[in-house]
Amino acid sequence: MFRFAQHDKTRSVEPPRVLNVEDLRRAAKRRLPRVVFDYIDGGAEDERTLRANCHAFEEVTFRPRCAVATPACDLRVSVLGKSLSTPLILAPVGSSRLMYPRGEEAAASAAGAAGIAYALSTLSGCRLEDVADASKGPLWYQLYLVGGRDCALSAIERAKAAGFSALVVTIDTAVAGMRERDLRNGAKELLSGNLGSKLPFVSQLLIKPHWLAAFLADGGLMKFQNVVIPGKGPMLYADVTAALEHAAVTWDDLNWIRQAWSAPIIIKGIHTGDDARRAVDVGASALVVSNHGGRQLDSVAPTLRILLEVVASVGGHIEVLLDGGIRRGSDIVKALCLGARAVMVGRAYAYGLGAAGGPGVARAIEILRTDLVRTLKLLGCASIAELDRSYVDVPADWLGK
Ligand SMILES: Cc1cc2nc3c(=O)[nH]c(=O)nc-3n(C[C@H](O)[C@H](O)[C@H](O)COP(=O)(O)O)c2cc1C
């Protein structure tokens, strides 16, 4: 019976029904209640940065080398000393368990099976030990300071013991961004309101019976299993927005974090060359040029646009990753041409997870990987290690800084 259901899910994301990430997005929209779909899909305020992240990839064009035979393409890359099959990492996506039962385990398992890394958000519904058991690939733990320093230290110890190989410290979340879709959809009322305030928003759950049945069978509203408040237990979902108000990470915090975690640290949320240099100064091993997928400060520059500035600032001292707006394998190629070592994706796989669980995540990875190979062949380039600026044209005003 289970095998049958699994087969059904795999079929639902197979070609020709699902050819690209936008198809996965539509499939997620069909399965998920609006409040969950918009949580994935939406951004902050006017969603300018959300749109700009994607649009920036359109502004960079390719310069292929034609009549070049590339029978095989080498996609392997080493990131922080671990070999990945593809220059791709699944970014931390909080509350993945709302998208699909045991969502974080499903995503980590699909990443491991594809030979790529998975970053687990602090704000996840599955225990980090269970996520480690579910994956055979490299795992990173993303740290927020919700719940305070002791809470973070205990998560760090657990992540170490469970075999996570890097710590991702997200620095762009001084407070939660203003995500208007969540407010309009009643996210607050559904999480913490009384029956009366919930009622106007409940119908969006009832009209998605498959999602609702799976959600209830998975235990209903998740708690944050890796934010264990001393004397209280796992943090309740309704408490997270208030907790984020007191959870800003500062450069000084990197000192005690460094003491507690001796393996590689990755700073996520770099928007400028200046902050990139600070990441080098505090001893980070890597950084992620990221604006949280346009979910935090609206009107910051798209990540691809500032990649050149950041790469120049760090001068090869640490590894540079990028996320934001990646929906095609050709987007990955463009980021690599401009100096990223690898990329992270958030929505591209979250849509897959929301559409069909693990098989949906696997399909997202497969789509990006197949695109990547095709793009390399069309460019006349046999290996991602050979990609550089000579394969792209960038708008002249990107080169000003
Ligand atoms: C639904 C959702 C939840 C997210 N939760 C987190 C999180 O808990 N921690 C974090 O550092 N980033 C989080 N992010 C940001 C992603 O890690 C990543 O930076 C972003 O999704 C990249 O943009 P993209 O979605 O266009 O690929 C989240 C993104 C999404 C879409």
Side-chain angles (χ1 to χ4, degrees), residues 21-22 24-25 28 32 35-44 47 49-57 88-100 103-104 107 117-126 128 140-146 155 166-174 176-177 179 181-182 187 222 224 226-227 235 237 240-241 243-244 247-249 266-271 287-297 300 302-304 321-329 331-332 335 340 342-354 361 364-365 368:
V21 168
E22 179 58 27
L24 283 178
R25 177 179 177 273
L32 297 173
V35 66
V36 181
F37 176 75
D38 276 349
Y39 163 68
I40 304 172
D41 196 56
E47 302 188 340
T49 297
L50 170 63
R51 284 190 299 277
N53 275 346
C54 292
H55 181 68
F57 287 98
L88 178 66
I89 295 124
L90 301 192
V93 164
S95 310
S96 291
R97 199 164 175 171
L98 292 183
M99 301 163 200
Y100 208 86
E104 291 90 5
Y118 172 76
L120 176 69
S121 166
T122 289
L123 300 179
S124 54
C126 293
L128 64 88
W140 300 350
Y141 187 73
Q142 178 267 324
L143 189 72
Y144 279 137
L145 300 184
V146 282
L167 192 67
V168 180
V169 181
T170 301
I171 62 166
D172 59 10
T173 311
R179 305 191 195 135
R181 295 199 213 182
D182 293 354
M222 47 173 262
F224 295 113
N226 305 311
V227 185
M235 180 179 275
Y237 207 104
V240 69
T241 309
L244 275 170
V249 180
I266 303 161
I267 310 265
K268 175 172 181 282
I270 296 292
H271 293 65
L287 61 80
V288 192
V289 180
S290 171
N291 50 42
H292 221 109
R295 300 165 73 82
Q296 285 297 110
L297 180 61
V300 296
T303 49
L304 192 68
L321 310 176
L322 169 140
D323 73 23
I326 289 172
R327 304 290 184 266
R328 295 261 181 199
D331 297 339
I332 303 177
V343 302
M344 298 178 103
V345 295
R347 292 182 183 82
Y349 87 84
Y351 294 139
L353 184 66
V361 178
I365 297 168
L368 293 173

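Source: prediction; values computed, not measured. In listed order, ligands and their atoms are each counted from 1.
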Find the distance between CG (Leu145) and OG1 (Thr170) and round it off to the nearest 0.5 Å.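 Here the interatomic distance stands at 10.0 Å.
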
Considering only heavy atoms, which protein residues lie less than 4.0 Å from any atom of ligand 1?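 For ligand 1, the contacting residues are Tyr39, Ile40, Ala91, Pro92, Val93, Gly94, Ser121, Gln142, Tyr144, Thr170, Lys268, Ser290, His292, Gly293, Arg295, Asp323, Gly324, Gly325, Arg327, Val345, Gly346, Arg347.
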
Name all residues meeting the side chain to side chain contact (heavy atoms under 4.5 Å, CB included) criterion together with Leu297; count only those two or more places apart in sequence or in a different chain, and write none if there are none.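 Side chain to side chain contact (heavy atoms under 4.5 Å, CB included) check on Leu297 returns Val300.
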
Could you pull out all residues at least two apart from Ala155 that satisfy side chain to side chain contact (heavy atoms under 4.5 Å, CB included)?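 Residues passing side chain to side chain contact (heavy atoms under 4.5 Å, CB included) with Ala155: Tyr141.
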
Checking Phe224 now: which residues fulfil ring-ring contact (aromatic ring centres under 6.0 Å, His included) with it, not counting sequence neighbours?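 Here the qualifying residues are Tyr237.
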
Can you give me the closest heavy-atom contact between Asn226 and Ser124, atom names plus distance?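 Nearest heavy atoms, Asn226 then Ser124: ND2-OG, 3.1 Å.
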
Taking Arg181 for its side chain and Gly43 for its backbone only, find out whether a donor-acceptor pair lies under 3.5 Å.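 No: the side chain of Arg181 does not pair with the backbone of Gly43.
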
